[in-house]
Amino acid sequence: MRMTDPKNVLADVAEIIEQRAKTHGDFQDNFKMTAALWSAYLEVDITASQVAVLNILQKVSRDQSSENANEDNLNDATGYAAIAAALQK
């Protein structure tokens, strides 16, 4: 496993979030829509920031269930944490 500075990881994740905006649209719109769909399906109110947190948990689950470390899972979790924080503001 290669070692890197946390600032580099955060910069990489910020770039990924920017790229995803080009293919997936605005994160606020996307997470609000997902929250509405999950809320209707589960018959429980889910907020956009909760969607991001639940996505983090999915990435942690994937990371823990794999024998091989995949930095994408932790990078994605970092991105979802940033999105959750942005959505709570």
Side-chain angles (χ1 to χ4, degrees):
M1 176 184 258
R2 69 181 170 87
M3 193 72 103
T4 187
D5 188 292
K7 289 185 283 187
N8 295 340
V9 172
L10 292 173
D12 290 347
V13 169
E15 187 176 319
I16 291 167
I17 291 171
E18 231 174 81
Q19 291 170 358
R20 294 298 182 271
K22 294 175 186 172
T23 58
H24 301 331
D26 180 72
F27 76 90
Q28 291 176 328
D29 294 339
N30 185 283
F31 281 78
K32 286 178 184 176
M33 175 62 72
T34 301
L37 291 169
W38 287 4
S39 294
Y41 182 80
L42 296 170
E43 298 179 354
V44 173
D45 286 337
I46 304 287
T47 66
S49 63
Q50 287 173 320
V51 169
V53 171
L54 291 168
N55 284 334
I56 292 168
L57 294 176
Q58 181 184 38
K59 293 299 181 172
V60 170
S61 174
R62 286 182 182 171
D63 189 66
Q64 293 300 305
S65 65
S66 175
E67 291 183 20
N68 300 319
N70 182 346
E71 73 180 50
D72 286 350
N73 289 325
L74 295 178
N75 287 343
D76 288 348
T78 301
Y80 288 130
I83 289 170
L87 290 167
Q88 287 183 354
K89 298 209 181 262

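For the numbers below, each heavy atom of this structure counts, side chains included, while hydrogens, waters and symmetry mates do not.
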* Would you indicate whether the side-chain heavy atoms of L10 and V13 approach each other to under 4.5 Å? => no

* Asked: Do L74 and K59 have side chains that get closer than 4.5 Å, going by heavy atoms?
  ->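 No, side chains not in contact.
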
* **Sequence-distant partners of S49, side-chain hydrogen bond (donor to acceptor under 3.5 Å, both in side chains), two or more places apart** =>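 Result, side-chain hydrogen bond (donor to acceptor under 3.5 Å, both in side chains) vs S49: T47.
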
* Asked: T23 side chain to R20 main-chain N or O, any donor-acceptor pair under 3.5 Å?
  -> yes

* Asked: Is it true that a side-chain atom of S66 and a backbone atom of R62 form a donor plus acceptor pair closer than 3.5 Å?
  ->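 It does not hold such a pair.
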
Rounded to the nearest 0.5 Å, what separation is found between the [atom1] atom of [X] and the [atom2] atom of [Y]?
X	Y	atom1	atom2	value
L37	K32	CG	NZ	14.5 Å
I83	T78	CD1	OG1	11.0 Å
I16	D72	CD1	CG	7.0 Å
I17	H24	CD1	NE2	11.5 Å
Y80	F27	OH	CZ	13.0 Å

* Asked: If you count the non-hydrogen atoms of other residues, nucleotides and ligands that lie under 6.0 Å from CG in D45, is the total more than 12?
  -> no

* Decide if atom CD of Q19 counts as having more than 12 heavy atoms of other residues, nucleotides or ligands within a radius under 6.0 Å. => yes

* Treating Ile, Leu, Val, Met, Phe, Trp and Tyr as nodes and any side-chain heavy-atom pair under 4.5 angstrom as an edge, say whether V53 and M33 lie in one connected cluster. => no

* To do: Please name the pair of heavy atoms, one in A85 and one in K89, separated by the smallest distance, quoted to 0.1 Å.
  =>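 Looking at all heavy atoms of both residues, the shortest contact is O-CG, 3.2 Å.
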
